[in-house]
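Only heavy atoms go into these numbers, but all of them, side chains included; no hydrogens, no water, no symmetry mates. For the single chain, residues carry numbers from 1 onward in sequence order.
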Amino acid sequence: MAPQKSISPRAWAEITLLAMIWGASFLAIRVALNEIGPLSVVAHRTFWAMLLLWGVVLVTRTAMPRDPETWAALAVMGLLNNAIPFTLMAWGQQYIETGLTSILNAATAIFGVVAAAIFLADERLTLRKGAGVGLGFAGVVTVIGLANLADLNLRSTAQLAVLAGTVSYALAGVWARRRLSGLSPLAASTGMLTCSAALSVPLAWGLEGPLSLSLAPATLTAIAYYALIATAGAYMLYYRVLAMAGSGNLLLVTLLIAPFAILLGALVLGETLHPRAYAGFALLGAGLAVLDGRILGRRRSAAIDRVPPRG
């Protein structure tokens with residue numbers, strides 16, 4: 001059995017950089033939400049990231065698909081991996097802290113294992129995976145709180161919206177594995193962002209008004225950051241680190257995102273989180289560690305690498 005890839009100092013540095021980039025994206029989105037609506041946040045994000053990636057495609061002469069079937073698959077991918085989760089999370093982040101959003105985002109890996117077990121024949125839910133999923137679900141329940149689950153209010157509904165976004169990410173991973181395995185990472189990312197922008201821009205225009213760049217400097221800076229750096233740039237960095245460190249080691253990114261988002265939320269926005277959020281994050285972290293498998297001396301099963309987890 002092939003050994004697990006080790007993490008070089010350079011890979012560690014780039015994993016940490018990726019976690020910082022995605023961790024700061026939660027702050028940038030929160031800043032943009034002070035002036036524009038969640039649909040406009042998503043439209044700006046997908047449109048400008050799409051343009052940047054198309055520039056990279058043209059410069060690198062990357063082959064893009066031409067057949068309608070592949071573009072139909074990319075359209076579904078744009079829904080599952082961009083339009084739906086970006087919108088749900090942006091809406092939810094209006095009512096909960098950035099750090100809390102990032103903690104709930106870590107559940108993506110947990111739901112990813114469940115979705116793969118349901119829809120992929122070679123990703124069965126083993127005893128080890130089941131234990132990791134159980135710990136992860138316990139973490140999610142702890143973060144939200146049983147009382148809040150029993151008595152829904154705007155805050156708990158926002159948390160459930162963020163969780164629904166992670167479920168959409170998980171389904172996107174399965175879809176990518178089944179329908180987009182023949183595309184290069186750049187072609188897949190560019191294609192799905194093109195399709196999601198084609199949906200998000202008209203939707204935001206119709207429900208929240210025309211997109212505008214006549215915005216406060218802080219809002220424009222936030223949009224530029226989360227669209228160009230935390231979406232287009234982070235996708236390219238993700239695949240670079242994937243090749244260097246392997247998919248199992250990249251699971252660490254999911255854990256590292258939240259501390260950066262929590263710290264930035266506290267420093268910039270003065271946010272404080274309930275102690276149960278930290279307890280739930282600890283359980284989520286334990287679940288991800290069990291899923292990784294190395295604490296039991298086992299090799300983690302192959303991850304779905306075509307599309308990165310969102311930060």
Discussion item. Among residues at least two apart in sequence or on other chains, which ones pass side-chain contact (heavy atoms from CB on, under 4.5 Å) with L163?
Written reply: L104, A107, F111, V140, I144, L160, T166
Worksheet item: For V268, which residues count as a side-chain contact (heavy atoms from CB on, under 4.5 Å) partner, sequence neighbours excluded?
Response: L27
Worksheet entry | Qualifying residues under salt bridge (Lys or Arg N to Asp or Glu O under 4.0 Å), relative to R276, sequence neighbours excluded | none
Worksheet item: Which pairs count as salt bridge (charged side-chain N to carboxylate O under 4.0 Å, His left out) when at least one residue sits in residues 12-40, sequence neighbours excluded?
Response: R10-E14, E14-R240
Practice prompt. For F260, enumerate each residue passing the ring pair (Phe, Tyr, Trp, His ring centres under 6.0 Å) test, keeping only those at least two apart in sequence or located in another chain.
Written response: none
Worksheet item: Where is the tightest heavy-atom contact between T142 and G280, given as atom of each residue plus distance?
Response: CG2-N, 3.7 Å
Response to the item:
Here the pair of heavy atoms bringing T62 nearest to S184 is CG2-OG, 3.8 Å
Practice prompt. Measure the spacing between SG of C195 and CH2 of W71 and express it to the nearest 0.5 Å.
Written response: 5.5 Å
Worksheet item: Of all residues at least two apart in sequence or in a different chain, which pass the side-chain contact (heavy atoms from CB on, under 4.5 Å) check with S214?
Response: S212
Item to complete: Could you pull out all residues at least two apart from T70 that satisfy side-chain hydrogen bond (donor to acceptor under 3.5 Å, both in side chains)?
Response: D67
Worksheet item: What salt bridge (charged side-chain N to carboxylate O under 4.0 Å, His left out) pairs are there with at least one residue in residues 88-114, not counting sequence neighbours?
Response: E97-R155
Discussion item. I'd like to know if Y169 and V174 are part of one continuous hydrophobic network [Ile/Leu/Val/Met/Phe/Trp/Tyr, side-chain heavy atoms within less than 4.5 Å].
Written reply: yes
Discussion item. Please say yes or no: joined through hydrophobic side-chain contacts below 4.5 Å, possibly via intermediate residues, are L88 and V42 part of one cluster?
Written reply: no
Worksheet item: M64, F47: one ILVMFWY side-chain cluster at the under-4.5 Å cut-off?
Response: yes
Worksheet item: Taking atom OG1 of T272 and atom CG of L100, what is their separation to the nearest 0.5 Å?
Response: 11.0 Å
Practice prompt. Could you pull out the closest heavy-atom pair between A109 and L288, with the gap in Å?
Written response: CB-CD2, 3.3 Å
Practice prompt. Establish, yes or no, whether the cationic atom of R45 lies under 6.0 Å from the six-membered ring centre of F86 and within 45° of the ring axis.
Written response: yes
Worksheet item: Has L154 got more than 12 heavy atoms of other residues, nucleotides or ligands less than 6.0 Å from its CG?
Response: yes
Worksheet item: For T231 and A49, which heavy atoms make the closest approach, and how far apart are they?
Response: CG2-CB, 3.7 Å
Worksheet item: Which residues pass the side-chain contact (heavy atoms from CB on, under 4.5 Å) test with L58, sequence neighbours left out?
Response: none
Worksheet item: Any chance CH2 of W205 has more than 12 other-residue heavy atoms, nucleotides or ligands included, within less than 6.0 Å?
Response: no
Worksheet item: Would the number of heavy atoms belonging to other residues, nucleotides or ligands and lying under 6.0 Å from CH2 of W91 be above 12?
Response: yes
Worksheet item: When Ile, Leu, Val, Met, Phe, Trp and Tyr are grouped by side-chain heavy atoms lying under 4.5 Å apart, directly or through other members, which residues fall in the same group as L207?
Response: L39, L203
Worksheet item: Any chance the rings of F26 and W22 have centres within less than 6.0 Å?
Response: no
Fill in: Linked, directly or transitively: M89 and V167 (ILVMFWY side chains, under 4.5 Å)
yes
Worksheet item: How far apart are the closest heavy atoms of A106 and L284, and which atoms are they?
Response: CB-CD1, 4.4 Å
Discussion item. Between T194 and W54, do the side chains contain a donor N or O and an acceptor N or O under 3.5 Å apart?
Written reply: yes
Worksheet item: Hey, are the side chains of R178 and L120 touching, using non-hydrogen atoms and a 4.5 Å cut-off?
Response: yes
Worksheet item: Can you check whether V143 reaches L283 side chain to side chain, under 4.5 Å on heavy atoms?
Response: no
Practice prompt. Grab the two heavy atoms, one from L211 and one from A204, that are nearest each other, plus how far apart they are.
Written response: CD2-CB, 4.3 Å
Worksheet entry | Interatomic spacing from CE in M20 to CD1 in I15 - rounded to 0.5 Å | 14.0 Å
Item to complete: Report the C-alpha separation of L183 and L74 in whole Å, then their side-chain angles, then the decisive distance to 0.1 Å, and conclude whether the side-chain contact (heavy atoms from CB on, under 4.5 Å) test is met.
Response: CA-CA 10 Å; L183 290 181; L74 286 168; 4.0 Å; yes
Discussion item. Measuring from atom CG of L186 to atom OH of Y235, what distance do you get when rounded to the nearest 0.5 angstrom?
Written reply: 12.5 Å
Discussion item. So L237 and L17, do their side chains get closer than 4.5 Å, heavy atoms only?
Written reply: yes
Practice prompt. With side-chain contact (heavy atoms from CB on, under 4.5 Å) as the test, would you mind laying out the steps for V141 and F137 before giving the verdict?
Written response: CA-CA 6 Å; V141 172; F137 280 141; 5.5 Å; no
Worksheet item: Do you see a donor-acceptor pair shorter than 3.5 Å between the side chains of S102 and N105?
Response: no
Donor-acceptor pairs under 3.5 angstrom involving side-chain atoms of residues 220-230: please list them, not counting sequence neighbours.
residue	atom	partner	partner atom	Å
T221	OG1	P217	O	2.8
Y225	OH	I21	O	2.7
Y226	OH	V41	O	3.0

Item to complete: Output the distance between atom CE (M236) and atom OG1 (T60), rounded to the nearest 0.5 Å.
Response: 9.5 Å
Worksheet item: Step by step, would you call L80 with M192 a side-chain contact (heavy atoms from CB on, under 4.5 Å)?
Response: CA-CA 9 Å; L80 292 175; M192 74 173 179; over 6 Å; no
Fill in: L180 reachable from L193 in the ILVMFWY side-chain graph, under 4.5 Å edges
yes
Worksheet item: When rounded to the nearest 0.5 angstrom, what distance separates CG in N81 from OG in S168?
Response: 7.5 Å
Worksheet entry | E208 vs P38 side-chain heavy atoms within contact, under 4.5 Å | yes
Practice prompt. Give the intermediate values and the outcome of side-chain contact (heavy atoms from CB on, under 4.5 Å) for residues K129 and E123.
Written response: CA-CA 10 Å; K129 288 181 179 180; E123 291 282 348; 3.1 Å; yes
Worksheet item: Could you give all pairs that pass the ring-ring contact (aromatic ring centres under 6.0 Å, His included) test and reach residues 176-202, with sequence neighbours left out?
Response: none
Discussion item. Quick one: does any side-chain atom of Q159 pair with a main-chain N or O of I96 as donor and acceptor, under 3.5 Å?
Written reply: no
